[in-house]
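Report on the following structure.
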There are 2 protein chains.
Amino acid sequence: MAQHSHTHVIDEDMEAEIALRLRKADQRFTPARRALVAALVAAKGPMAIADILLVTEKMPQSSVYRNLTVLESVGVVSRLMSNDEYGRFELSENLIGHHHHLICQQCGAMSDFNIPHDMEQQLDSTLAQLASANGFTLEHHRLDIVGKCSACK
Amino acid sequence: MAQHSHTHVIDEDMEAEIALRLRKADQRFTPARRALVAALVAAKGPMAIADILLVTEKMPQSSVYRNLTVLESVGVVSRLMSNDEYGRFELSENLIGHHHHLICQQCGAMSDFNIPHDMEQQLDSTLAQLASANGFTLEHHRLDIVGKCSACK
DNA sequence: ATGAGTGCAAAGGCTTTGCATTAGG
DNA sequence: CCTAATGCAAAGCCTTTGCACTCAT
């Protein structure tokens, strides 16, 4: 499992793993997809489409959307929602590690953070019990801090 | 603070409190708004617009949207996002109490649950520290269980 | 009477899709 | 060659807005 920090580490292992997952689905690791992965690797949190378009200037919106959908379908990226209605994308947790998000309720931006291991484990076991008590099959949990980022306050 | 259970308790205090908040904003507690509040009170979790329209059959979509916006602006309801891109509405936590959500990743439905008080407090203090350590002003937190509801599995 | 509330329809804005063209294996 | 991938434009879909009408104070 990759270690998580403020920006993500792009290493050959990850590169190879991504290529493998695409290949398994008969998909290619094209320049456009590399650019998208690179953008997400460089980010310190999930990116909105608008953010991505700023970084991948030449790429048409439809290509961004379609390639992110492909990358999501092969488990390379995850699509998640912030407080606003725009979808955001990040590298899958199985590539960059489990983490949580700071959500700015003003601008909707998300950035990553971690909680202590012991609290994470305590949370996991408690939530597992609560899920089954509610007839729910737990897949994972989501813990966000909602507030104002330094830029917005 | 109201006690939270599977469905919410509609009592006169809450009724009066809602009326008060509307009045303060020069807004009226109209039949349409009462119907919306009633729908949310009866629900066991946040409702999507589609859900609300099923319950408030005669109400035009625009009235649903507009009245929910008003109710949100006076702090009676909260708008939040599930895993899908459709906004969901629930009564504000200051009316029904702090709680968390089970999110079905298949149908997007949300239902409420609670965690033990001591864990909640532990979480609160840890997140407060982490927020400030990240230059963030913590407003509140969000903890969801993501998985499959009994209907979808 | 005066401003809030309502209803219908049209407009917005993000996202998806169709289709013809290009390119990689 | 053959299928995936791309690009542009058009269509979709939830949500918001404009505007005239109604209603409560």
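Remember, it's a predicted structure, so these values are computed and weren't measured experimentally. Every chain is numbered from 1 and lettered A, B, ... according to where its sequence line falls, protein lines coming before strand lines. All values below come from the heavy atoms of this structure, side chains included, with hydrogens, waters and symmetry mates left out.
- Within the nucleic acid shown, B/Tyr86 comes within 4.0 Å of sugar-phosphate atoms alone, with no base atom in reach, counting heavy atoms only.
- Using a 3.5 Å distance cut-off with no hydrogens or angles, the side chains of A/Glu120 and A/His100 do pair a donor with an acceptor.
- With rounding to whole Å, A/Glu85 atom CD is found 13 Å from D/dC13 atom C1'.
- Using a 4.0 Å cut-off between a side-chain N of Lys or Arg and a carboxylate O of Asp or Glu, B/Glu15 and B/Arg34 qualify as a salt bridge.
- Neither side chain, B/Lys44 nor B/Ser111, offers a donor N or O lying under 3.5 Å from an acceptor on the other.
- Put simply, CG on B/Asn67 is 15 Å from C1' on D/dT15, counting in whole angstrom units.
- Nucleotide D/dT6 holds its P atom 16 Å from the CD atom of A/Gln61, rounded to whole Å.
- Backbone-only engagement by B/Ala32 is indicated by non-hydrogen atom pairs under 4.0 Å involving sugar-phosphate atoms exclusively.
- No donor-acceptor pair under 3.5 Å is formed between the side chain of B/Asn134 and the backbone N or O of B/Ala131.
- Mapping heavy-atom proximity under 4.0 Å, the span of DNA chain C touched by chain A runs 5' to 3' from C/dC14 to C/dG24.
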Given protein heavy atoms under 4.0 Å, the one-letter contact record of nucleotides 18-25 of chain D, with B base, S sugar-phosphate only and - none, is simply BB----S-
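- At a threshold of 4.5 Å between non-hydrogen side-chain atoms, the residues A/Leu40 and A/Ile96 do not count as touching.
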